[in-house]
Structures are given as C-alpha cells and as structure tokens.
Amino acid sequence: MLIRPRDNGFLHPFPSEITPRAAYTGRRALLRQLAGGAAGAALASWAGRAALAEEALYPPPGRQPTLPARRSALAGGVTMEKVTSYQDATSYNNFYEFGSGKGDPARNAGTLKTRPWTVTVEGLVHKPRTFDIDELLKLSAQEERIYRLRCVEGWSMVIPWAGYSLAELIRRVEPQGSAKYVEFVTLADKAAMPGVNSRILDWPYTEGLRLDEALHPLTLLAFGMYGEVLPPQNGAPVRLVVPWKYGFKSAKSLVKIRFVEHEPATAWNKTAKNEYGFYSNVNPDVPHPRWSQATERRIGEDGLFAKKRKTLPFNGYEGQVGPLYAGMDLKKFY
Ligand code: MTE
C-alpha cells in the first residue's frame with residue numbers, strides 16, 4: 001500500500017489536529033480487545049499492529065496534561081521533516097542529573113517535582129523578577145515550533161515543542177546596556193536527582209548565550225512537546241531549545257536566568273574546554289576532537305541499512321542565524 005504524506009507535508013499530525021483523547025483511547029481499547037479476543041488470527045494480528053502504530057503516533061493517554069499551542073509562522077519555526085516518535089523522544093535522552101545512560105532519565109526522572117517551581121531572572125536588568133512557573137507559562141502565547149535537535153554525540157531528532165521566544169521574557173525584564181550575555185542555571189537537587197551525587201559535571205548544569213543569540217526569535221523557552229506538558233526527562237517544567245546549536249546548549253529544568261557582562265562559564269566547557277566551546281554552533285566542518293561532526297544518525301531511522309544524514313551548518317538554520325556570526329572565525333569560536 002502506498003502511504004501518502006498528509007496535506008501539511010508531515011507524517012505526524014499537529015497537536016491541534018490530533019483526535020480527541022477519549023476517541024483514540026476508545027479506539028485503542030477496541031483494537032486491543034480485537035487483538036486479544038476471539039477474532040480470527042489474521043484480524044488479531046492486524047489489530048495488534050494497528051494498536052502499536054497508534055501508540056507510536058500519539059502520546060500515551062494521560063501521561064502529561066495537554067498544552068495547546070498555535071502553529072508557528074516564524075521563518076525556520078517549522079521543519080517539514082518527519083517528526084520523531086514520542087516514544088523515541090522521551091526514552092532516549094541526555095539529562096545527566098538523572099544518570100548518564102540514555103534510558104536513565106526516562107527511568108529516574110519521575111522523582112522531579114515540577115510544582116511549586118520558580119524561575120528567577122536577575123543580574124543586569126532593570127526589572128529583576130521571580131516568576132512562578134504558571135505565571136511564566138502564560139507570559140506569552142504558546143507556539144508550536146518543530147525543530148531539529150542535533151546532539152554533539154552525532155544523533156538527531158525532530159521534535160514539536162510548545163513555548164514562546166525567549167525574547168518575549170527578555171523584553172519584559174529590560175536588560176541594562178552593560179548586559180552582553182545570558183547565563184542559564186538549572187535545578188541541582190540531590191534528593192530528587194541521583195546523578196547530582198556524581199562528579200561527572202560541576203553542578204548545577206549551567207549554559208550561556210550571547211545576548212543577541214538569546215534574543216533571536218528561534219531561541220525558544222519551551223514548556224511542552226507533542227501537544228502536552230514536557231515530561232520530566234525532557235526538561236520539565238521549562239527548558240531552553242536553541243535549534244542551531246548542539247543539544248547540550250538547550251538547558252533543561254531552568255531555575256535561574258542571569259544577565260551578565262562577561263561570557264559565563266558553562267558546564268561542559270568547564271569539564272572539557274577543548275571539546276565543548278561556548279558557541280557550539282552545529283558545524284560539519286569543525287570535528288569534535290574525538291569524532292567527526294559531518295554526519296548524523298536520525299533517531300528512529302536505525303537499522304542495518306539506515307543511511308546517515310549529512311549534518312548541515314547551523315543545523316539547517318543558517319538562513320536565519322548566519323548573520324549573528326558575520327566576520328567571526330567559527331573554527332576559533334567553536
Ligand atoms: N540540561 C540539563 N540540565 N542536564 C543535561 O544533562 N543534557 C543536554 C541538554 N540539556 C542536559 C541538558 C544534552 S547533551 C542534550 S543532547 C539535550 O539536553 C537533550 O535533550 P532531549 O533529551 O530533550 O532530547
């Protein structure tokens with residue numbers, strides 16, 4: 001059978017188009033009953049496969065509350081590539097606070113308490129403020145952005161996020177003229193996060209952007225994915241997503257945003273300066289000291305014959321963000 005792409009060019013529906021939860025949970029129950037019931041063997045195997053296909057396409061029911069978002073109209077805000085399955089995006093993660101294995105965050109992050117939660121915005125701003133997470137969530141309209149995320153380790157995913165441009169928050173706190181960089185500090189809670197007891201990184205995990213990078217409309221403050229609130233392993237309740245940089249710049253579970261004059265230290269840069277630079281723009285021409293960055297493996301396209309993809313400069317967002325780096329030697333400022 002020929003499977004035609006949907007009208008919107010995606011194999012994955014937008015959350016706004018997803019069948020109401022009650023309808024598809026009912027359908028799944030029926031399919032499971034058929035699969036397990038007295039129906040003939042052929043029908044049972046068809047129903048089993050159909051139930052599995054639905055599981056892969058839609059988030060498991062009721063795992064996270066829904067988070068409606070309008071589709072982004074921003075240039076670069078929506079890639080036309082096939083979206084990674086929810087299952088893959090929530091079970092293959094880097095979140096060292098919950099362990100260094102890819103399956104550790106999904107296994108361990110259930111201990112993360114996301115309410116009450118506050119994010120303090122401080123430093124060189126005219127209006128420093130501590131936001132309650134629910135206030136922060138409503139500060140601006142939630143937009144669905146479908147971004148590629150390229151990890152420095154050589155894998156990538158395509159994820160439909162919900163959030164708004166970080167610039168919306170920055171505008172409201174009014175940075176002072178001396179503010180040149182933004183530092184992001186994330187939660188380090190030894191009781192809830194077993195990985196924080198390890199010495200792999202100097203906790204808390206911190207990251208940083210130049211102020212103009214932070215103000216770029218593609219830089220997203222994300223609260224959800226796949227039409228739902230972020231699951232803990234993906235950085236609940238609020239994280240950064242910077243799609244043209246290696247994934248480690250996209251700090252999860254933010255608690256503090258600080259405006260500073262000088263380039264801030266970042267967790268991975270402190271650990272291995274020559275391997276993880278401050279800029280870390282995706283760049284196929286600058287290899288990591290221990291491996292090439294020229295190609296990537298798209299999660300979900302594994303298998304013996306799966307072809308690797310060519311990594312694109314700035315992860316494919318060069319048209320939008322290239323001008324930020326005009327005149328800079330990107331081999332030096334890696
Ligand atoms: N944020 C925190 N606080 N701790 C981490 O270990 N890992 C980073 C980034 N943000 C990390 C983090 C890395 S290396 C990547 S590739 C992305 O999160 C992965 O995001 P994902 O699990 O949602 O795909």
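In this chain, numbering begins with 1 at the start of the sequence shown.
Between Lys138 and Glu135 there is no salt bridge, since no side-chain nitrogen of the basic residue lies less than 4.0 Å from a carboxylate oxygen of the acidic one. Electrostatic pairing of Glu81 and Arg298 counts as a salt bridge here, judged by a charged N lying under 4.0 Å from a carboxylate O. No salt bridge links Lys331 with Asp329; every basic N to acidic carboxylate O contact stays at or beyond 4.0 Å. Classification of Glu207 and Lys245 as a salt-bridged pair fails, no side-chain N sitting under 4.0 Å from a carboxylate O. Using a 4.0 Å cut-off between a side-chain N of Lys or Arg and a carboxylate O of Asp or Glu, Glu144 and Arg70 do not qualify as a salt bridge.
Contact annotation: the side chain of Val158 approaches that of Thr79 to within less than 4.5 Å [non-hydrogen atoms, C-beta and beyond]. Using a 4.5 Å cut-off on side-chain heavy atoms (C-beta onward), Ile257 and Glu183 make no contact. A 4.5 Å side-chain heavy-atom check between Thr118 and Val255 finds every atom pair outside the cut-off. Counting heavy atoms from C-beta outward, Glu296 and Trp155 have side chains that stay 4.5 Å or more apart. By the 4.5 Å heavy-atom criterion applied to side chains, Asn281 and Leu330 are counted as neighbours. Taking 4.5 Å as the limit, every side-chain heavy atom of Leu136 sits out of range of all side-chain heavy atoms of Asp134. In this structure the side chain of Asn197 never reaches within 4.5 angstrom of the side chain of Trp203, judged on heavy atoms. For the pair Leu230/Pro237, no side-chain contact is recorded, criterion being any heavy-atom separation below 4.5 Å from C-beta on.
The aromatic rings of Phe95 and Phe98 sit perpendicular, their planes meeting at an angle over 60°, well past the 30° parallel limit. Using the six-membered ring where Trp is involved, Tyr325 and Phe314 have ring planes that are parallel, under 30° apart on the 30 and 60° scheme. Classified by interplanar angle (parallel below 30°, tilted 30° to 60°, perpendicular above 60°), the ring pair Tyr276/His288 is tilted.
No donor-acceptor distance shorter than 3.5 angstrom exists from the side chain of Thr111 to the backbone of Met193, with no hydrogens or angles considered. For Thr130 (side chain) and Thr120 (main-chain N/O), no donor-acceptor pair under 3.5 Å exists by modelled atom type. Proximity of a side-chain donor or acceptor of Asn93 to a complementary backbone N or O of Gly103 within less than 3.5 Å is not detected. Trp244 contributes no side-chain N or O that, together with a main-chain N or O of Pro313, makes up a donor-acceptor pair within less than 3.5 Å. When atom types are taken as modelled, the side chain of His216 and the backbone of Leu211 share no donor-acceptor pair closer than 3.5 angstrom. A distance-only check finds no donor-acceptor pair linking the side chain of Ser165 to the backbone of Glu168 [under 3.5 Å]. Here the side chain of Glu122 pairs no donor or acceptor atom with the backbone of Phe259 at under 3.5 angstrom. For Asp189 (side chain) and Ala191 (main-chain N/O), a donor-acceptor pair under 3.5 Å exists by modelled atom type. The backbone N or O of Gln233 lies less than 3.5 Å from a partner atom in the side chain of Lys252, making a donor-acceptor pair. Under a 3.5 Å cut-off, the side chain of Arg145 and the backbone N or O of Val241 do not form any donor-acceptor pair.
Of all heavy-atom pairs between Pro231 and Met225, the closest is CD-SD, 3.7 Å. In this structure, Val229 and Leu67 approach most closely via the heavy-atom pair N-CB, 3.9 Å. Considering all non-hydrogen atoms of both residues, Ile200 and Ser100 come closest at CD1-CB, 4.0 Å. Here the shortest heavy-atom pairing between Pro232 and Ala109 reads CB-O, 3.2 Å. Nearest heavy-atom pair, Asn94 versus Cys151, reported as atom, atom and distance to 0.1 Å: ND2-SG, 3.6 Å. Contact detail for Asn274 and Pro289: the closest heavy-atom pair is O-CG, 3.4 Å.
Val286 and Tyr279 end up in different hydrophobic clusters when Ile, Leu, Val, Met, Phe, Trp and Tyr side chains are linked at under 4.5 Å. Cluster annotation: Leu312 and Val242 are assigned to distinct hydrophobic clusters (Ile/Leu/Val/Met/Phe/Trp/Tyr, side-chain heavy-atom contacts under 4.5 Å, transitive).
Within 6.0 Å of NZ on Lys270 lie more than 12 heavy atoms contributed by other residues, nucleotides or ligands.
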Working for salt bridge (charged side-chain N to carboxylate O under 4.0 Å, His left out), residues Lys180 and Glu261 = CA-CA 5 Å; Lys180 298 285 182 285; Glu261 189 172 353; over 6 Å; no

Step-by-step side-chain contact (heavy atoms from CB on, under 4.5 Å) determination, Gln293 to Thr311 = CA-CA 7 Å; Gln293 292 291 12; Thr311 288; 5.6 Å; no

I would like to know whether Tyr334 and Tyr246 meet ring-ring contact (aromatic ring centres under 6.0 Å, His included); could you show each step before the answer?
-> CA-CA 11 Å; Tyr334 58 87; Tyr246 291 118; over 10 Å; no

Walk me through it: do Trp161 and Leu221 pass the test side-chain contact (heavy atoms from CB on, under 4.5 Å)?
-> CA-CA 9 Å; Trp161 303 102; Leu221 200 57; over 6 Å; no

Decide side-chain contact (heavy atoms from CB on, under 4.5 Å) for Tyr147 and Tyr317; before the verdict, give the C-alpha distance in whole Å, the side-chain angles of both, and the deciding distance to 0.1 Å.
-> CA-CA 10 Å; Tyr147 284 162; Tyr317 300 93; 3.8 Å; yes

Using the side-chain contact (heavy atoms from CB on, under 4.5 Å) rule, take Glu263 and Arg210 through it: C-alpha gap first, then chi angles, then the decisive distance, then the call.
-> CA-CA 8 Å; Glu263 189 181 289; Arg210 223 169 50 190; over 6 Å; no

Start with the C-alpha gap between Lys102 and Glu153, add the side-chain angles, then the distance that decides, and say whether salt bridge (charged side-chain N to carboxylate O under 4.0 Å, His left out) holds.
-> CA-CA 12 Å; Lys102 301 290 175 233; Glu153 296 164 331; 2.8 Å; yes

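Put simply, CG on Leu254 and CG on Leu240 are 6.0 Å apart, with the number rounded to the nearest 0.5 Å. Note: Glu143 CD to Arg71 CZ = 12.0 Å, rounded to the nearest 0.5 Å. Rounding to the nearest 0.5 Å gives a distance of 6.0 Å between CD1 of Ile159 and CG of Leu149. In this structure, Leu209 CG and Thr219 OG1 are separated by 6.0 Å, a value rounded to the nearest 0.5 Å. Here Ser292 contributes atom OG and Asp285 contributes atom CG; the two are 9.5 Å apart, rounded to the nearest 0.5 Å. Atom CG of residue Asn315 and atom OG of residue Ser156 lie 7.5 Å apart, to the nearest 0.5 angstrom.
Arg63 forms no cation-pi arrangement with Tyr226, by the criterion of a distance under 6.0 Å to the ring centre and an angle within 45° of the ring axis.
A donor and an acceptor atom, one from each side chain of Arg239 and Ser250, are nowhere located under 3.5 Å apart. Residues Thr66 and Glu228 bring no donor and acceptor atom of their side chains to less than 3.5 Å of each other.
Under the 6.0 Å cut-off for aromatic ring centres, Tyr96 and Tyr205 do not qualify, their centroids lying 6.0 Å or more apart.
When each of Lys82, Arg309, Lys308 is paired with Glu301, the side chain to side chain donor-acceptor pair (under 3.5 Å) condition holds for Arg309 and for no other.
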